[in-house]
Amino acid sequence: QVELVESGGGLVQAGGSLRLSCAGSGRTFSSYSIGWFRQAPGKEREFVTAINWSGRNTYYADSVKGRFTISRDNAKNTVYLQMNSLKPEDTAVYYCAAVGQAYDSYNWYSRVQTYDYWGQGTQVTVSS
């Protein structure tokens, strides 16, 4: 079982940047695929981006493509989400999630049901 902890959230003005981190416990972290989701009040949790175990394959929702970048450093047991050109509509609680499988399928990675483990989330607020 892997434990995930998000960090790096905060308040930023529109057009600014934040980098979120997802730190995983254990020495098997490199075997997990990692996804990022976000949830605003009253809305369903929505897919943001995902990365496979090696970092070779990445997937992005259209709403963040070109602005957000996912990466991982398995030596540090950490996955990063670099968020640039932030917009007020990016405001949400951001969650990372892990699954011990990988398939080259956007539809697979984008489903909440795909993932077995979830962090507690970190708040991102973008002001205008």
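Model, not experiment: these values are computed from the prediction. The residues of the chain are indexed from 1 along the displayed sequence.
Between atom SG of residue C22 and atom CG of residue L81 there is a gap of 10.0 Å, rounded to the nearest 0.5 Å. If you take CG on D90 and CZ on R67, they are separated by 4.0 Å, rounding to the nearest 0.5 Å.
Taking hydrophobic clusters as Ile, Leu, Val, Met, Phe, Trp and Tyr residues chained together by side-chain heavy-atom distances below 4.5 Å, V64 shares a cluster with I51. Linking Ile, Leu, Val, Met, Phe, Trp and Tyr residues whenever their side-chain heavy atoms come within less than 4.5 Å places V2 and I70 in a single cluster. By the criterion of side-chain heavy atoms lying less than 4.5 angstrom apart, applied directly or through intervening Ile, Leu, Val, Met, Phe, Trp or Tyr residues, V99 is grouped together with F37 in one hydrophobic cluster. V112 and Y32 sit in two unconnected hydrophobic clusters of ILVMFWY residues. Membership requires side-chain heavy atoms under 4.5 Å apart, directly or through other members. Hydrophobic cluster membership is shared by V79 and V48, with clusters built from Ile, Leu, Val, Met, Phe, Trp and Tyr side chains linked at under 4.5 angstrom.
For Q123, the CD atom counts as densely surrounded, since its 6.0 Å shell holds more than 12 non-hydrogen atoms of other residues, nucleotides or ligands.
Inspection of the D104 and Y59 side chains reveals an N or O donor paired with an N or O acceptor under 3.5 Å. Side chain to side chain, N84 and S17 meet the donor-acceptor criterion of an N or O pair below 3.5 Å.
Partner of Y109 under the side chain to side chain contact (heavy atoms under 4.5 Å, CB included) criterion, chosen from Y103, Y115, Y60: Y115.
Proximity of a side-chain donor or acceptor of S25 to a complementary backbone N or O of E3 within less than 3.5 Å is detected. In terms of modelled atom types and a separation under 3.5 Å, the side chain of T91 and the main chain of E89 share no donor-acceptor contact. Side-chain atoms of N74 come within 3.5 Å of backbone atoms of W53 as a donor-acceptor pair (strictly under, hydrogens ignored). Without hydrogens or angle criteria, S105 side chain to W108 main chain gives a donor-acceptor distance under 3.5 Å. Within the 3.5 Å criterion, the main-chain N or O of N52 finds a donor-acceptor partner in the side chain of R72.
Below 30°, between 30° and 60°, or above 60°: for Y106 and F47 the angle between ring planes is above 60°, a perpendicular geometry.
Nearest heavy-atom pair across S128 and P88 is CB-CG, 3.9 Å. Residue R38 comes nearest to S63 through the heavy atom pair NH2-OG, 3.6 Å, listed as atom of the first residue, atom of the second, then distance. Nearest approach of L86 to L18, heavy atoms of both residues: CD1-N, 3.9 Å.
Residues M83 and Y94 are in side-chain contact: their nearest non-hydrogen atoms beyond the backbone lie under 4.5 Å apart. A heavy-atom distance below 4.5 Å is found between the side chains of V124 and L20.
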Would you be so kind as to tabulate the donor-acceptor pairs closer than 3.5 Å made by side chains of residues 4-16, with sequence neighbours excluded?
from : atom 1 : to   : atom 2 : distance (Å)
E6   : OE1    : Q120 : N      : 3.0
E6   : OE1    : G121 : N      : 2.8
E6   : OE2    : C96  : N      : 2.9
E6   : OE2    : G121 : N      : 3.3

Trace of the salt bridge (Lys or Arg N to Asp or Glu O under 4.0 Å) decision for K65 with D62: CA-CA 5 Å; K65 195 173 299 181; D62 287 341; 3.3 Å; yes

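Checked against the 6.0 Å centroid criterion, the rings of F68 and W36 do not qualify as a close aromatic pair.
Counting only residues at least two apart or in different chains, disulfide bond (SG atoms under 2.5 Å apart) contacts with residues 35-95 are absent.
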